Amino acid sequence: MTTQHLYWLMKSEPDDVSIDDLQRTGHIGWYGVRNYQARNFMRDGMQVGDGVLFYHSSCAQPGVAGFAEVSKLAYPDPTQFDAESKYFDPKSAVEKPRWQQVDVRFIAKTRILPLEEMRRYPELAGMQVLKKGNRLSITPVTASEWSFIQSLLG
DNA sequence: GCCAACGTTGGC
DNA sequence: GCCAACGTTGGC
């Protein structure tokens with residue numbers, strides 16, 4: 001059986017975790033996802049080695065800020081059990097966790113590829129992150145979108 | 001800070 | 001199971 005690696009775009013608010021933070025630490029647990037669709041992508045879709053576009057959202061210049069990769073399969077997000085955390089979920093039980101996270105490993109910091117620039121490339125027109133009203137923090141990326149962005153930023 | 005889009009909640 | 005109200009996301 002062959003293992004087909006996939007590609008993902010993952011949004012992070014740089015005020016919380018930026019590409020510089022990831023570069024500094026080398027890897028990070030992708031905590032705080034509280035949307036079922038995004039969770040399911042992590043839980044059911046991601047494999048170790050999958051490519052990640054690290055995207056800065058809710059900031060002055062939203063856009064792709066670097067490359068990373070999935071370094072650990074989905075496991076329970078510890079912040080859901082932490083009453084001090086803003087991601088605490090009182091409805092989640094340790095024996096039956098509701099939320100998952102993967103670990104992500106730093107690969108490269110790039111120039112910012114702004115959302116506004118991404119909109120100008122027909123090659124990227126199908127990306128979910130460009131769709132009106134898109135709010136999903138984790139979305140699949142096709143192999144051709146991935147290599148196009150690599151050629152822009154590499 | 002505004003507000004469109006959209007997911008979740010909960011009453012019925 | 002419907003759907004209105006509510007909360008959140010995130011670009012601008």
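All of these numbers come straight from a predicted model, not from anything done at the bench. When reading the values below, keep in mind they use all heavy atoms of this one structure, side chains included, and skip hydrogens, waters and symmetry mates. Proteins get letters first, then strands, A, B, ... in listed order; numbering begins at 1 in each.
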Under-4.0 Å side-chain N/O to phosphate OP1/OP2 contact, Tyr36(A) with dC6(B): no

For atom CD of Glu13(A) and atom P of dG10(C), their distance in whole Å: 7 Å

Heavy atoms from C-beta onward define the side chain here; which of dA5(B), dG10(B), dG11(C) lies closest to that of Lys132(A)? dA5(B)

For Gln128(A) and dT9(C), give me the distance from atom CD to atom C1', rounded to whole Å. 15 Å

Hey, is the main chain of His27(A) close enough, under 3.5 Å, to the side chain of Thr25(A) for a donor-acceptor pair? yes

What is the separation between atom CZ on Arg98(A) and atom C1' on dT9(B), rounded to the nearest whole Å? 11 Å

Would you check if the side chain of Lys131(A) reaches a backbone N or O of Gly126(A) as a donor-acceptor pair within less than 3.5 Å? yes

Polar side-chain atom of Asp89(A) near backbone of Gln80(A) as donor-acceptor pair, under 3.5 Å: no

Starting at atom CZ of Arg39(A), determine the distance to atom P of dG7(B), rounded to an integer number of angstrom. 15 Å

dT9(C) phosphate, OP1 or OP2: any side-chain N/O from Lys11(A) under 4.0 angstrom? no

Side chain of Pro62(A) only, heavy atoms from C-beta on: which candidate in dT9(B), dG11(C), dA4(B) is closest? dG11(C)

Rounded distance in Å - CZ (Arg34(A)) to C1' (dT9(C)): 15 Å

Which nucleotide in the list dG10(C), dC6(B), dG10(B) gets nearest to the side chain of Lys91(A)? dG10(B)

At what distance, to the nearest 0.5 angstrom, does CD of Glu145(A) lie from CE of Met127(A)? 5.0 Å

Output the rounded distance in Å from CE (Met118(A)) to P (dC12(C)). 12 Å

Options dA5(B), dC12(C), dG10(C), nucleotide nearest the side-chain atoms of Arg135(A): dA5(B)

When all nucleic acid strands are considered with a 4.0 Å heavy-atom cut-off, which category describes Lys131(A): base, sugar-phosphate, or nothing? nothing

When you measure from the side chain of Asp103(A) to the backbone N and O of Ser71(A), does any donor-acceptor pair fall under 3.5 Å? no

To the nearest angstrom, the CD1-P distance between Ile138(A) and dG7(B) comes to 15 Å

Write down the distance between CD (Gln37(A)) and C1' (dA5(B)), rounded to a whole number of angstrom. 14 Å

